[in-house]
Amino acid sequence: MNIAVVGAGLAGLAVALGCEQAGHDVTLYEATSDIGGRMKTVSCNNHLLDAGFHVLHTAYPTVQRWIDIDELQSKPMDNCTVTIHPSTGRRRLLGDALRSPRYLLPTLKSVGIRDGLRFFKWRMATSSNDLERAMDTPSPTIVQGLNNRRFRPTTKRVLEPLFTGITLDPSLSERFAFADFTWGAMSHGAMVVPKHGIQAVPKQLFNRLATTTTVLNTAVEEVTATSVRIGEEHHAHDRVVLAVPQHIAAKLLPKTVDGHAPVERLTSTVVFAASRPPFKRARLLLNEEWGTEGHRVLHVHVPTNLHPHPDGLHWIAATLVGEAALQPDEKDVLRELRSWFGPEVDAWGHVNTITVRHALPHIDPNHHARMLPELDVEGILVVGDHRTHPSVQGALASAERALNALNIPLPRRP
Ligand SMILES: Cc1cc2nc3c(=O)[nH]c(=O)nc-3n(C[C@H](O)[C@H](O)[C@H](O)COP(=O)(O)OP(=O)(O)OC[C@H]3O[C@@H](n4cnc5c(N)ncnc54)[C@H](O)[C@@H]3O)c2cc1C
């Protein structure tokens with residue numbers, strides 16, 4: 001068959017690889033000048049910088065099937081999260097004591113014994129065999145789910161920014177099942193960052209393509225079951241796979257598929273350089289006061305703690321989400337970070353600000369299945385994280401589902 005894949009993000013690349021290895025002729029159309037979609041890394045002042053805080057979860061079953069993690073020369077984040085309450089300077093640590101017993105006492109000190117037990121119960125309920133199991137039953141939203149678990153308000157001041165960072169949704173209206181899924185992934189695997197940035201993950205799939213024709217800088221404007229239109233040109237194909245983000249799929253598909261209009265979730269990363277880091281571990285520092293007056297920075301991490309800068313510089317990355325992420329002013333961000341780290345921030349220089357629009361899809365919280373039902377929309381196969389859930393696992397699982405529908409076996413990892 002002659003197959004068109006529209007979109008060279010992770011899902012599109014996986015479909016293309018499966019199709020070409022099954023002997024089909026594949027044309028991969030990509031609107032931008034590069035492959036990888038939202039798994040993007042830019043070169044900046046002699047070093048690589050990811051567009052947004054992005055990690056690869058080694059526990060994702062699809063990652064294990066598709067990605068050679070060793071080849072990525074990744075390094076893991078610490079098994080814990082630290083929070084800061086900027087007004088008082090208080091910091092708290094939350095760690096997985098089952099994997100790192102040294103985190104037991106600091107975690108109990110941070111959340112108390114009762115919430116410590118609630119965390120333990122939640123941790124024990126996660127399944128390493130089927131991380132997505134929670135998606136198959138009705139789920140409340142994350143806000144409701146945290147209330148149902150009866151965490152104390154002070155503990156929620158840790159969990160709310162954590163899940164806001166994961167879903168990039170300040171309203172926490174995503175399914176709680178998705179929180180369960182990510183909790184399971186964090187519990188049963190590592191969160192790693194590849195040496196050459198997160199884009200090395202889709203690049204690994206791209207580098208395995210041998211016969212696929214990749215057409216960059218080419219935005220497809222219309223799709224049918226057997227054709228794509230670019231400008232005035234119509235290209236005929238036996239099958240068309242649409243692997244674009246949710247808001248583009250909503251425009252290209254002949255009918256509404258999700259029953260709701262896509263909601264934009266955006267994030268900005270404001271990066272500064274310093275001669276010494278404000279902390280030395282590969283951790284997220286979450287803002288417990290995030291969302292209150294004057295607290296727009298959601299979290300801070302230091303990417304160079306994991307993969308050092310060749311010139312010995314230290315990068316400090318501040319993440320903002322929602323409205324606060326629209327054109328953030330680096331001076332405002334620096335002023336805010338002064339209340340976190342003190343006057344040492346006055347010597348920091350601004351390196352870059354990267355804003356990712358339409359960063360993650362919005363999945364209806366009433367939807368309860370790991371996949372959204374429609375794969376085939378009037379003959380077009382629709383893949384991407386918006387057909388499943390907003391993650392690397394979701395994007396690859398949607399690709400596997402399309403390959404399955406085409407009776408194509410999953411490609412073997414080299
Ligand atoms: C800042 C950020 C942090 C994240 N962190 C994590 C994380 O820590 N862990 C995790 O599991 N997931 C994370 N994710 C989610 C994960 O990156 C995505 O779920 C996944 O990359 C989506 O892949 P995709 O192929 O579905 O879509 P995309 O990557 O969006 O790929 C779609 C492709 O289609 C192209 N395209 C669009 N329109 C057209 C057109 N008209 N014609 C041709 N091509 C077109 C786009 O340019 C793009 O290349 C994060 C995402 C972001 C943005």
Side-chain angles (χ1 to χ4, degrees), residues 4-16 27-41 49-60 62-63 67 77 131 162 165-169 178 181-182 185-186 189 191-194 197-199 201-202 205-206 214-223 228-231 235 240-253 264-269 284 298-299 301 317 319-321 325 354-361 363 382-399 402:
V5 180
V6 182
L10 198 64
L13 287 163
V15 171
T27 306
L28 179 59
Y29 297 98
E30 167 55 44
T32 69
S33 59
D34 206 355
I35 61 94
R38 279 168 279 157
M39 300 186 84
K40 187 176 163 79
T41 303
L49 177 66
D50 286 339
F53 175 73
H54 205 313
V55 289
L56 185 69
H57 292 264
T58 61
Y60 288 166
T62 53
V63 165
I67 305 297
M77 298 286 290
L131 292 177
L162 178 67
I166 290 170
T167 60
L168 303 177
D169 169 24
F178 182 70
F181 158 75
T182 51
M186 289 188 279
M191 297 193 297
V192 302
V193 180
I198 203 68
Q199 197 174 351
V201 177
L205 296 187
F206 178 71
T214 307
V215 191
L216 296 175
N217 298 308
T218 302
V220 167
E221 290 161 62
E222 198 180 332
V223 287
V228 303
R229 180 173 68 77
I230 298 151
H235 299 259
V240 172
V241 180
L242 191 62
V244 297
Q246 186 175 44
H247 67 291
I248 308 278
K251 286 185 201 145
L252 291 184
L253 284 171
E264 181 172 5
R265 292 185 177 166
L266 72 158
T267 180
S268 280
T269 314
L284 273 191
L298 179 69
H299 61 68
H301 73 289
T319 293
L320 297 94
V321 298
I354 301 179
T355 300
V356 186
R357 307 288 308 248
H358 300 283
L360 292 178
I363 312 281
V382 190
V383 302
D385 60 352
H386 59 105
R387 310 316 296 151
T388 49
H389 47 84
S391 73
V392 165
Q393 165 72 18
L396 287 173
S398 77

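All figures in this text were calculated on a predicted structure; none of them were measured in a lab. In listed order, ligands and their atoms are each counted from 1.
- In the vicinity of Gly384, heavy-atom distances shorter than 4.0 Å reach the ligand 1 atoms 26 (O).
- Classified by interplanar angle (parallel below 30°, tilted 30° to 60°, perpendicular above 60°), the ring pair Phe181/Tyr60 is parallel.
- For Thr355, the side chain to side chain donor-acceptor pair (under 3.5 Å) partners two or more places apart in sequence, or in a different chain, are Ser268.
- The heavy atom nearest to atom 37 (C) of ligand 1, considering only Gly7, Ala8, Ala249, Pro245, is found in Pro245.
- When each atom of ligand 1 is checked for a heavy atom of Met39 under 4.0 Å away, the hits are 17 (O), 21 (O).
- Contacts with ligand 1 closer than 4.0 Å are made by side-chain heavy atoms of Leu360 only, the backbone lying farther away.
- In terms of modelled atom types and a separation under 3.5 Å, the side chain of Thr41 and the main chain of Gln199 share a donor-acceptor contact.
- When non-hydrogen atoms are compared, ligand 1 lies under 4.0 Å from the backbone of Ala51 (N, CA, C, O) but not from its side chain.
- Counting the atoms of ligand 1 from 1 in the order shown, those under 4.0 Å from a heavy atom of Ala219 are 42 (N).
- Scanning all protein heavy atoms for the shortest distance to atom 8 (O) of ligand 1 gives Val55 N, 3.1 Å.
- Residue contacts with ligand 1, taken as heavy atom pairs separated by less than 4.0 Å, involve Ala243 solely via the backbone atoms N, CA, C and O.
- Annotation: side chain to side chain donor-acceptor pair (under 3.5 Å) contacts of His389 (sequence neighbours excluded): Glu132, Ser391.
- Looking at Ile248 against ligand 1, only its side chain comes within 4.0 Å, counting heavy atoms.
- Only the backbone of Phe53 comes within 4.0 Å of ligand 1, judged by heavy-atom distances.
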